[in-house]
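First listed ligand is number 1; within each ligand, the first listed atom is number 1.
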Amino acid sequence: MFCFQCQETARNTGCTVAGVCGKKDNVANLQDLLIYVVKGLSVVRINLGYSNDAIDKYIVDALFTTITNANFDDQDIISKIKEGLALRDQATPTCSCGCSVDLPDCVTWKPENDEEIIAKANSLDVSVQATENEDIRSLRELLTYGVKGMSAYLHHAMVLGYDDKELHKFIRKAMASTVDDTLSGDDLTAFVLECGKYVVDTMALLDKANTETYGHPEITEVEIGVRNNPAILISGHDLKDMEQLLEQTKGTGVDVYTHSEMLPAHYYPAFKKYDHFVGNYGGAWHTQKSEFESFNGPIVMTTNCIVPPAESYVDRIYTTGVVGYPGLKYIPVDENGNKDFSEVIEKAKKCAPPKQIETGKIVGGFAHNQVFALADKVVEAVKSGAVRKFVVMAGCDGRHNSRNYYTEFAKALPEDTIILTAGCAKYRYNKLNLGDIGGIPRVLDAGQCNDCYSLAVIALKLKEVFELEDINDLPIAYNVAWYEQKAVAVLLALLHLGVKNIYLGPTLPAFLSPNVANVLVENFGIGAISTVDEDIEKMINQ
Ligand code: FSO
Ligand code: SF4
């Protein structure tokens with residue numbers, strides 16, 4: 001195996017024996033093959049002009065499946081590979097163009113059995129390392145990871161019935177470009193930058209899907225203690241799962257709590273009507289082992305990030321959507337988009353109530369609509385100098401102790417600064433009680449990582465209000481924490497919006513070759529974080 005798609009990759013170089021995330025060698029190779037199949041299907045759709053919504057849906061699903069901490073199940077990935085090959089082979093014979101096109105191996109390769117699938121997965125053909133030139137490899141992977149993140153967000157929108165053909169078209173074009181040896185580094189760089197535009201469009205579509213379906217997030221105090229009822233914990237990002245679980249648990253005596261990236265579900269008006277929707281339990285994804293153990297009741301993982309489960313709760317953790325882990329129970333979706341959580345609810349009734357691990361409340365719900373409602377107050381605070389700077393600290397949290405930097409950075413920020421956040425990065429500082437400035441909390445949480453879109457909308461609005469030419473003239477600094485490929489997508493979106501001088505940490509991506517990293521530094525001023533003191537000086541005081 002060779003995988004370097006996330007921030008925790010071994011030695012910040014690449015996982016080669018097993019993933020730091022727990023992904024086994026065979027699963028990593030099968031995921032590479034799944035991406036290879038996606039590339040083949042993308043070429044088929046482009047070169048053979050074959051049109052099929054099932055292929056588009058499949059491509060988005062497969063890309064999301066390979067995101068860090070989503071799917072660890074080799075058998076599930078083998079079935080997805082076979083499904084993709086079947087779609088590809090149904091598409092290929094319909095070609096009536098005479099096919100003078102020189103089709104790559106990802107289109108023409110046909111396995112006879114599972115052994116051949118496994119052998120192909122283990123071959124260099126499908127590995128990231130198949131591309132010898134390190135800059136081309138870097139650009140191909142940067143594009144692939146951006147498209148993976150974009151697909152995750154598109155998947156969420158599609159679940160809610162929102163879609164846009166142009167987004168699928170770009171995904172196909174981008175994935176096909178990664179097997180086109182005629183493309184230069186400049187061509188691929190153009191694709192990478194174009195990806196940012198489509199990520200913005202995808203996040204806008206998902207924002208529309210979420211807000212039209214569940215209302216606009218509003219300021220909300222979320223309980224972090226527990227009640228004395230049996231309960232279910234729901235994690236991940238899928239709001240439709242959230243809705244269905246809340247509906248099905250109504251009147252059962254079973255409470256529902258959110259974990260990690262599901263916390264922002266509390267901010268949506270549609271979910272406030274459920275009395276048994278109690279609060280948030282625990283912190284970010286990487287603290288799940290001890291929190292799932294002490295929660296006592298069943299856990300539903302709707303998307304990443306799942307980590308290999310401990311024995312103590314293996315019989316009460318359920319997966320759904322693209323999430324997979326061998327031996328865990330899976331909740332399927334029916335043809336109408338419905339899921340039956342009755343088994344989880346029955347399980348909950350037999351479990352003890354959650355053990356209390358903390359008490360108090362956290363505040364969130366500062367997505368664009370809510371911030372616009374406070375616009376006068378915010379603008380006045382900036383004009384009067386009460387707020388000197390906003391710092392976007394959005395993104396991901398992770399296991400490494402180096403991420404304590406973000407807690408220390410938040411604590412060290414001068415009191416006339418406000419943190420704008422989204423994603424699970426917030427757990428490094430959202431319980432610090434950093435106070436408020438004239439009633440505006442110093443940590444404004446817009447929501448999940450996809451709600452970084454809200455932060456961009458807020459920035460653009462401020463630019464308009466202050467009549468500025470350039471988004472970079474706003475008093476906003478960017479100190480973004482990344483972990484997995486959705487954060488890569490968000491970074492490309494920020495670059496597309498013209499944001500410069502983003503600090504990225506805790507380390508720069510291993511998949512950036514020195515030359516590609518230089519392009520990002522020279523053209524966009526992207527930089528690595530250093531020490532808290534130095535960074536406060538550079539980001540706030542200069
Ligand atoms: Fe966090 Fe995981 Fe939302 Fe990521 S839970 S790390 S960027 O998957 O998706 O923020
Ligand atoms: Fe390693 Fe990250 Fe890949 Fe997992 S996803 S194998 S930790 S690089």
Atom 2 (Fe) of ligand 2 and Cys15: any N/O/S contact shorter than 2.8 Å?
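It does not: Cys15 brings no N, O or S atom closer than 2.8 Å to atom 2 (Fe) of ligand 2.
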Should the pair [X] and [Y] be assigned to parallel (<30°), tilted (30 to 60°) or perpendicular (>60°) ring geometry?
X      : Y      : value
Tyr214 : Tyr268 : perpendicular
Phe191 : Phe170 : tilted
Phe271 : Phe277 : perpendicular
Tyr145 : Phe511 : perpendicular

Nearest protein heavy atom with distance in Å, relative to [atom]:
atom                    : value
atom 6 (S) of ligand 2  : Gly19 CA, 3.4 Å
atom 5 (S) of ligand 2  : Thr68 OG1, 3.2 Å
atom 4 (Fe) of ligand 2 : Cys21 SG, 2.3 Å

Counting only heavy atoms not in Asp114, do more than 12 sit closer than 6.0 Å to its CG atom?
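Atom CG in Asp114 is packed in, count exceeds 12.
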Can you establish whether the number of heavy atoms outside Lys355 located under 6.0 Å from its atom NZ is more than 12?
no
Go through ligand 1 atom by atom and flag the ones less than 4.0 Å from a non-hydrogen atom of [X].
X      : value
Cys449 : 3 (Fe), 7 (S), 9 (O), 10 (O)
Asn304 : 8 (O)
Cys305 : 2 (Fe), 5 (S), 6 (S), 8 (O)
Cys396 : 6 (S), 7 (S)

Non-hydrogen atoms of Ala459 and Ile471 that approach each other most closely
CB-CD1, 4.2 Å
Under the criterion salt bridge (charged side-chain N to carboxylate O under 4.0 Å, His left out), I'd like the reasoning laid out for Lys240 against Glu243: C-alpha separation, chi angles, the key distance, then a yes or no.
CA-CA 5 Å; Lys240 189 159 183 189; Glu243 179 189 8; over 6 Å; no
Which atoms from ligand 2 have a heavy atom of [X] less than 4.0 Å away?
X    : value
Cys3 : 3 (Fe), 5 (S), 6 (S), 8 (S)
Cys6 : 2 (Fe), 5 (S), 7 (S), 8 (S)
Met1 : 6 (S)
Thr9 : 8 (S)
Gln5 : 5 (S), 8 (S)

Could you name the option among Glu484, Glu261, Gln288 that has the heavy atom nearest to atom 5 (S) of ligand 1?
Glu261
From the options Lys486, Gln485, Lys426, His237, select the one whose nearest heavy atom is closest to atom 3 (Fe) of ligand 1.
His237
Salt bridge (charged side-chain N to carboxylate O under 4.0 Å, His left out) between Lys57 and Asp163: does it pass, once the steps are laid out?
CA-CA 10 Å; Lys57 190 167 178 297; Asp163 205 353; over 6 Å; no
Can the ring centres of Phe295 and Tyr257 be said to be less than 6.0 Å apart?
yes
Centroid-centroid under 6.0 Å between His400 and His286 rings
no
Part of Glu484 within contact of ligand 2 (heavy atoms, under 4.0 Å):
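Neither part.
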Got a sec: is Cys424 within less than 2.8 Å of atom 2 (Fe) of ligand 1 via an N/O/S atom?
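False for Cys424.
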